[in-house]
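Below is one structure, written out as structure tokens; the observations come after it.
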Amino acid sequence: MMKVLLVDDHEIMREGICALLRKHDDLEVVGQAADGRMALELVNQLKPDVVIMDIGMPNLNGIEATRQMVMEHPHIKVMALSTHSDGAIVAKMIKAGATGYMLKESAFSELMDGLRTMADGKTYLCTKIAKVVVADYINLLTNPKADTPDGLTSREREVLQLVAEGHTTKEIARVLHLSPKTVDSHREHIMEKLGIRNVAGLTKYAIREGLTGV
């Protein structure tokens, strides 16, 4: 029996997928989460085998949630299910530890194929995403400088998302269990690393990189 956790900030999407999955006797939906932070809590409680993860979510996006989840629970398989087909975002999700990536426009039968492929220890990419990955790989071979990491730490990415979503320093400190001074320090480091000097610029960067659900 494969235990599945659904993570998406749209309840109608979660309920729809849940209803379809429940028709299969070899799958059990053990829980649902509306954002990445809730997903991390539920993974610790419910111990799922597979997490179906949206990317653009508030509070903690799917990329960072996947990175932390896989780091703490290496056995967990993460299937990204997103509207994003941009090569940079796909690459970030796979680097974060996802073993599958599908678009929400895909047929449900393809999702089932993907889940079972991942259960066998293999990576699964839907057809359109596979083409994107191959194209980006070819581009990287011909232009090695095309993939330039931003150098942000995991904590800095969390702070960046919350800043971009309009949270105050005190609110961020409360969510991340940090002091306001530490949050301000992280913000300064983020700006220095990205060469961005204002919140508007940070927000644009976060949206472009798929780090926020806004």
- In terms of hydrophobic clusters joined by side-chain contacts under 4.5 Å, are I76 and Y101 together? yes
- CD/E156 to CG/L194 distance, rounded to the nearest 0.5 angstrom? 8.5 Å
- Electrostatic pair D54:K104 at N-O distance under 4.0 angstrom: yes
- Go through E158 and R37 one step at a time and tell me if the salt bridge (charged side-chain N to carboxylate O under 4.0 Å, His left out) criterion holds. CA-CA 10 Å; E158 288 186 77; R37 204 167 301 285; 3.0 Å; yes
- Note on the structure: d(R14 CZ, L81 CG) to nearest 0.5 Å is 13.0 Å
- Query: If you round to the nearest 0.5 Å, how far is CZ of R67 from CG of N61?
  - Reply: 8.5 Å
Enumerate donor-acceptor pairs with a distance under 3.5 Å from any side-chain N or O in residues 169-176 to protein atoms, sequence neighbours excluded.
| unit_1 | atom_1 | unit_2 | atom_2 | d |
| --- | --- | --- | --- | --- |
| T169 | OG1 | D184 | OD1 | 3.2 |
| T169 | OG1 | R187 | NH2 | 2.7 |
| E171 | OE1 | T168 | N | 2.9 |

- Message: How about NE2 on H24, more than 12 heavy atoms from neighbouring residues, nucleotides or ligands closer than 6.0 Å, or not?
- Response: yes
- Item | Same apolar cluster (I L V M F W Y, side chains within < 4.5 Å links), L27/M102 | yes
- Run the numbers on T182 and S179 for side chain to side chain donor-acceptor pair (under 3.5 Å), then give the verdict. CA-CA 5 Å; T182 299; S179 70; 2.8 Å; yes
- Message: Testing the basics here: between M79 and L111, what is the closest heavy-atom pair and its distance to 0.1 Å?
- Response: CG-CD1, 4.2 Å
- Message: For the CE atom of M118 and the CD1 atom of I52, what is their distance to the nearest 0.5 Å?
- Response: 8.0 Å
- Query: Considering residues, nucleotides and ligands other than K193, do more than 12 of their heavy atoms fall under 6.0 Å from its NZ?
  - Reply: yes
- Message: With a 6.0 Å cut-off (strictly less than), is the heavy-atom count around CG of D25, excluding the residue itself, greater than 12?
- Response: no
- Message: Tell me the closest heavy-atom pair linking I17 and F108, and the distance in Å.
- Response: O-CE1, 4.5 Å
- Taking everything shown except E188 itself, do over 12 heavy atoms lie less than 6.0 Å from its CD? yes
- Message: Let me confirm one number: the CG-OG distance from L20 to S109, rounded to the nearest 0.5 Å.
- Response: 10.5 Å
- In terms of heavy-atom contacts, L103 and S85 come closest through CD2-CB, 4.0 Å
- Item | S185 side chain to K181 backbone, donor-acceptor under 3.5 Å | no
- Task: Give a yes or no answer on whether the side chain of E165 reaches the backbone of N59 with a donor-acceptor pair at less than 3.5 Å.
- Result: yes
- Task: Inspect the contact between R157 and E64 and indicate whether a charged nitrogen and a carboxylate oxygen are less than 4.0 angstrom apart.
- Result: yes
- Item | Under 3.5 Å: donor-acceptor pair, side chain of D8, backbone of H10 | yes
- Rounded distance [0.5 Å steps], CD in Q161 versus CG in L202: 13.0 Å
- Message: For a quick check under 3.5 Å, do Q68 and E72 share a side-chain donor-acceptor pair by atom type?
- Response: no
- Message: Around atom NZ of K47, are there more than 12 heavy atoms from other residues, nucleotides or ligands closer than 6.0 Å?
- Response: yes
- Item | D26/R116 salt bridge by N-O under 4.0 Å criterion | yes
- Message: Side chains of H73 and N44 only: does a donor on one sit below 3.5 Å from an acceptor on the other?
- Response: yes
